[in-house]
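Quick notes on the structure that follows.
The basis for the numbers below is simple: all heavy atoms, side chains too, and nothing from hydrogens, waters or symmetry mates. Only a predicted model underlies this, so the values are computations on that prediction, with no experimental measurement involved. Read the numbers this way: they start at 1 and go in the same order the structure lists the ligands and their atoms.
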Amino acid sequence: MTRFAYVNGRYETQRSASVSIEDRGYQFADGVYEVIALWNSCPIDLLGHMDRLERSMAEVKFPNPPSRTALKVIAQELVRLNRMGTGILYVQINRGAAPRNHPFPGDHINCSVVMTVRHGLGPSATEFQDGVGLKVEEDLRWLRRDIKTIGLLPNVLTKQAAKSVGAFEALLVNPDGTVTEASTANIWLVGADGILVTRPLGPEVLGGITRARVMALAKDAGRKVREATFTLDEVLSAREVFLTGTTTFVLPVSKIDETLISNGYPGEVACDLRDRYLTFLNSHNKETSWYVG
Ligand code: PDD
């Protein structure tokens with residue numbers, strides 16, 4: 001089936017869509033992005049993704065960022081054109097195209113806006129049921145990981161390092177020995193006291209939209225959540241470990257390097273939250289899920 005993409009004002013087939021070689025996203029990774037889940041044709045947590053996208057664009061000082069209403073209209077058209085049921089919507093906004101020069105090109109240059117879709121979403125049934133393995137890697141990223149920038153080379157390298165040993169994800173550890181997150185997801189542990197712990201928001205981790213959603217679901221279910229930094233040793237000796245993210249949902253971790261977590265099986269809390277998150281996905285409807293404020 002032909003896939004359609006949106007590029008700078010035009011809907012085109014994905015095959016023919018192109019951007020300028022002087023686009024600053026291409027030259028400098030001078031761009032930001034969002035990955036938004038589509039579930040039964042409904043965007044999931046669209047408002048949160050729009051808030052984060054606007055924040056990212058403000059943090060990198062785009063002078064003329066597109067409005068969220070304009071982005072929503074494009075996204076709706078792309079979902080319609082591609083007959084999207086379940087999959088992802090990818091939104092990338094770059095500073096624009098201009099002759100290569102490090103300083104900003106000036107306010108007269110418009111951002112470039114690209115949107116694409118992909119069918120299919122979420123971990124496999126086996127990953128969901130058995131849990132996944134992680135590989136410990138040094139966190140090589142810059143100091144503003146809260147900005148969802150397209151400069152993802154460290155994420156790519158660590159994800160590949162994990163894949164090369166058959167692990168699902170890389171568990172990223174700062175030089176100070178504290179764990180930050182995974183290369184494409186946030187990480188959580190459940191301590192011996194049953195309290196859920198995840199790293200506080202700040203420049204060292206991405207403020208995951210799924211992280212926020214799962215935190216709310218956990219609290220609604222009467223669970224205690226603590227935002228605190230933790231070490232690799234604490235993760236390895238945790239009662240349970242799990243990941244959250246747009247493409248991972250809530251995913252139990254059963255192994256980290258050679259250490260089994262929860263005796264090598266998905267933990268009870270992770271499974272409960274995984275199921276609650278699926279219920280949350282199924283609760284969306286087309287009337288309300290496109291609300292962007
Ligand atoms: N990544 N941390 C990092 C480094 C991420 O790249 C992501 C998401 C997350 C989870 O954030 P959210 O819950 O908002 O998806 C955490 C997306 C899926 C990606 O780059 O493909």
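Within 4.0 Å of ligand 1, contacts by protein heavy atoms are made from Tyr33, Val35, Arg52, Arg141, Lys148, Asn155, Glu181, Ala182, Ser183, Thr184, Ala185, Asn186, Leu206, Gly208, Ile209, Thr210, Gly245, Thr246, Thr247.
With sequence neighbours excluded, the residues forming a side chain to side chain donor-acceptor pair (under 3.5 Å) with Glu227 are Arg211, listed by chain and number. With sequence neighbours left out, Phe28 forms a ring-ring contact (aromatic ring centres under 6.0 Å, His included) with His102. Applying the salt bridge (charged side-chain N to carboxylate O under 4.0 Å, His left out) test to Glu22 and every residue at least two apart in sequence or in another chain returns nothing.
If you take CZ on Arg213 and OG1 on Thr246, they are separated by 11.5 Å, rounding to the nearest 0.5 Å.
Centroid-to-centroid, the aromatic rings of Tyr11 and Phe4 stay 6.0 Å apart or farther.
Side chain of Arg52 to main chain of Gly207: a donor-acceptor pair is present (N/O by atom type, distance under 3.5 Å, no hydrogens or angles).
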